[in-house]
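Here is the structure we will look at.
Below, chains carry the letters A, B, ... as their sequence lines are ordered, and counting in each starts from 1.
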Number of protein chains: 2
Amino acid sequence: MPHGELARLAALATIKRFKPGQFLAEEGEPADAVFNVIRGTVRLYKLLPDGRRQITGFADAADFLGLAAGHTYAFTIEAIDSVQACTFVRTRFRSLIEDLPALEHRLLELASAELEAAQYQMLLLGRKSACERVATFLCIRHKIGLRSADPGCRTVLLPMSRTDIADYLGLTIETVSRTLTKLRKNELITLQPHKRGVIINDLDALWALAEGCADGS
Amino acid sequence: MPHGELARLAALATIKRFKPGQFLAEEGEPADAVFNVIRGTVRLYKLLPDGRRQITGFADAADFLGLAAGHTYAFTIEAIDSVQACTFVRTRFRSLIEDLPALEHRLLELASAELEAAQYQMLLLGRKSACERVATFLCIRHKIGLRSADPGCRTVLLPMSRTDIADYLGLTIETVSRTLTKLRKNELITLQPHKRGVIINDLDALWALAEGCADGS
DNA sequence: CGGTCACTTGATCGTCTTCAATACCAGTGG
DNA sequence: CCACTGGTATTGAAGACGATCAAGTGACCG
């Protein structure tokens with residue numbers, strides 16, 4: 001985006017901090033802000049009336065959030081760790097869009113990418129086994145890690161809890177735990193106890209598992 | 001959208017016909033067209049290497065298709081029945097967007113709505129039981145039917161096969177069949193044999209089931 | 001008619017869930 | 001320093017839901 005436009009955007013932003021567990025937005029509430037995560041990780045999720053939770057995505061530094069079709073949020077946004085986020089008042093953001101076609105263009109690109117990711121996730125939730133889901137998750141998290149780490153880095157940092165991973169993959173916490181143990185025993189990964197980190201020993205094999213090209217026995 | 005802009009859009013369109021099973025687009029192929037379904041229904045899906053299929057959505061008359069983040073399609077688009085679609089060459093469509101901000105605005109709205117639908121579907125695939133999934137499907141199809149039928153209409157037309165429904169809901173064809181039978185025995189619905197139609201007897205109860213507020217026993 | 005296709009129904013099996021016990025760490029206060 | 005507590009993760013045993021395998025029905029078609 002052109003520098004002048006970026007400056008106008010920045011002029012509109014307020015940087016806010018959120019503690020772990022704090023809400024950036026809540027499903028069903030009026031959607032009066034959009035966000036850009038600067039630091040930390042947030043979870044996006046929807047709930048069923050009885051409390052079942054589906055995490056539809058995680059957002060890390062540089063991710064944009066808060067697109068809503070209607071006038072209320074379609075999902076809850078909650079800080080996982082200590083989060084800093086650029087916050088824009090929606091009405092002002094909207095009026096800025098009016099005279100900045102480049103911004104709207106960028107938003108459409110982002111939305112399209114999100115949509116593509118959502119389709120991958122549907123494939124995962126509808127058709128992959130527990131083992132394939134966990135392998136996919138680790139591979140994708142690894143890829144995301146490469147945005148900020150050097151290529152060739154094999155350590156995956158998982159800021160989210162097992163419960164979050166389970167609710168993201170459509171599994172239970174026990175199945176996630178068991179599956180990670182199985183991958184460890186097969187020497188595909190190494191777990192870092194009490195550090196929420198995983199080292200990938202064989203990235204290619206893990207990808208093969210993730211895509212259903214291996215049986216993971 | 002303003003009439004003048006609509007006219008320019010129409011000038012760019014070619015109406016194409018597709019027979020059942022014919023592809024409008026294929027996953028991985030260069031994305032050089034976008035579509036607007038005029039008549040009929042198409043399925044959008046992704047495949048795993050071993051053939052497992054996840055249908056990410058169906059598109060009916062008036063639905064817009066073909067948004068791609070990259071330069072290739074993220075999913076396959078296949079005609080279910082006899083389909084007519086407005087086809088736009090992507091490059092020309094793109095250049096039209098350049099001078100029509102309203103068009104891009106509309107596309108962003110559509111993409112946001114799609115994204116919201118995708119999140120509902122993730123909730124369904126990750127956290128709902130077979131019974132809840134089928135009930136949700138029927139309710140949503142009913143809602144879609146109201147776009148072209150009078151309100152109060154209780155007949156749901158299902159142009160897609162049981163296999164399609166199964167691949168959309170992350171189930172097998174047998175489970176879909178059994179679940180429909182169960183709903184019929186509970187007198188929530190009436191099946192129209194050999195006609196791919198369903199009559200909803202108790203819409204409220206079906207919605208309650210769909211949202212997990214009832215146990216569907 | 002024989003053939004295929006879409007769907008239904010039944011019996012059995014396996015994966016993941018549920019329920020439960022245990023381990024481990026961090027923080028708190030005696 | 002050490003018990004006590006709460007949160008997170010691992011592991012085991014039992015159970016359920018949906019998948020798989022298999023058979024059967026009716027519609028449509030050459």
Side-chain angles (χ1 to χ4, degrees), chain A residues 19-21 43 48 50-54 80-81 124-135 137-138 157-185 189-198 209 212 215-217, chain B residues 20-21 43 48 50-54 80-81 124-138 157-185 189-198 209 212 215-217:
Chain A
K19 296 197 194 81
R43 53 181 163 244
L48 286 172
D50 64 359
R52 279 175 285 175
R53 184 177 73 159
Q54 179 64 39
I80 289 180
D81 44 20
L124 178 147
L125 292 170
R127 288 294 175 229
K128 286 190 182 178
S129 69
C131 195
E132 290 161 354
R133 294 181 199 201
V134 172
F137 178 71
L138 292 175
L157 294 174
L158 303 176
M160 67 290 291
S161 69
R162 293 285 187 273
T163 305
D164 285 338
I165 299 174
D167 285 352
Y168 179 57
L169 299 178
L171 300 169
T172 60
I173 167 176
E174 294 95 330
T175 301
V176 171
S177 186
R178 270 186 258 271
T179 307
L180 286 171
T181 304
K182 195 169 89 179
L183 294 176
R184 176 175 56 74
K185 285 184 178 159
I189 61 172
T190 305
L191 294 172
Q192 303 184 304
H194 312 297
K195 277 176 57 180
R196 289 194 174 170
V198 175
L209 232 185
D215 65 357
S217 57
Chain B
R43 53 181 162 246
L48 285 172
D50 63 359
R52 277 174 286 175
R53 183 176 73 157
Q54 179 63 41
I80 289 180
D81 43 20
L124 178 146
L125 292 169
R127 288 294 176 230
K128 286 190 183 178
S129 70
C131 196
E132 289 162 353
R133 294 182 200 202
V134 172
T136 305
F137 178 71
L138 292 175
L157 294 173
L158 303 175
M160 66 291 288
S161 69
R162 294 284 187 272
T163 305
D164 285 338
I165 299 174
D167 284 353
Y168 180 57
L169 299 178
L171 300 169
T172 60
I173 168 175
E174 294 95 330
T175 302
V176 171
S177 186
R178 268 187 259 271
T179 307
L180 285 171
T181 303
K182 195 170 89 180
L183 294 176
R184 176 176 58 72
K185 286 184 178 160
I189 62 172
T190 306
L191 294 172
Q192 302 184 305
H194 312 298
K195 277 177 59 181
R196 288 193 174 173
V198 175
L209 232 184
D215 65 357
S217 58

Contact class for [X] vs. all strands (heavy atom < 4.0 Å): base, sugar-phosphate, or nothing?
{"X": "A:Ser161", "result": "sugar-phosphate"}
{"X": "A:Thr175", "result": "base"}
{"X": "A:Leu171", "result": "sugar-phosphate"}
{"X": "A:Arg196", "result": "sugar-phosphate"}

Note, [X] side chain near [Y] side chain (heavy atom, < 4.5 Å):
{"X": "B:Phe137", "Y": "B:Leu158", "result": "yes"}
{"X": "B:Leu183", "Y": "B:Leu209", "result": "yes"}
{"X": "B:Arg133", "Y": "B:Thr179", "result": "no"}

Whole angstrom value for the distance that separates [atom2] of [N] from [atom1] of [X]:
{"X": "A:Gln192", "N": "C:dC25", "atom1": "CD", "atom2": "P", "answer": "15 Å"}
{"X": "B:Arg133", "N": "D:dG18", "atom1": "CZ", "atom2": "P", "answer": "8 Å"}
{"X": "A:Glu174", "N": "D:dT11", "atom1": "CD", "atom2": "C1'", "answer": "10 Å"}
{"X": "A:Arg162", "N": "D:dG7", "atom1": "CZ", "atom2": "C1'", "answer": "14 Å"}
{"X": "B:Leu191", "N": "C:dT9", "atom1": "CG", "atom2": "C1'", "answer": "14 Å"}
{"X": "B:Lys128", "N": "C:dC16", "atom1": "NZ", "atom2": "C1'", "answer": "20 Å"}
{"X": "A:Met160", "N": "D:dT8", "atom1": "CE", "atom2": "P", "answer": "15 Å"}
{"X": "A:Asp167", "N": "C:dT17", "atom1": "CG", "atom2": "C1'", "answer": "14 Å"}

(request) Show your reasoning for whether side chain to side chain contact (heavy atoms under 4.5 Å, CB included) applies to A:Arg127 and B:Asp167. (result) CA-CA 8 Å; A:Arg127 288 294 175 229; B:Asp167 284 353; 2.8 Å; yes
(request) State whether the distance check finds a donor on one side and an acceptor on the other, under 3.5 Å, for side chain B:Arg178 versus base D:dT20. (result) yes
(request) Look at the side-chain N and O atoms of A:Thr181 and state whether any lies under 4.0 Å from the OP1 or OP2 oxygen of D:dT11. (result) yes
(message) So, does B:Thr172 get its side chain near the phosphate of D:dA19, meaning an N or O under 4.0 Å from OP1 or OP2?
(response) yes
(request) Return the 5'-most residue of the pair A:Ser129, A:His194 with respect to DNA chain C, ranking by each residue's nearest nucleotide. (result) A:Ser129
(message) As an exercise, state the distance from CZ of A:Arg162 to CD of A:Glu174, rounded to the nearest 0.5 Å.
(response) 12.5 Å
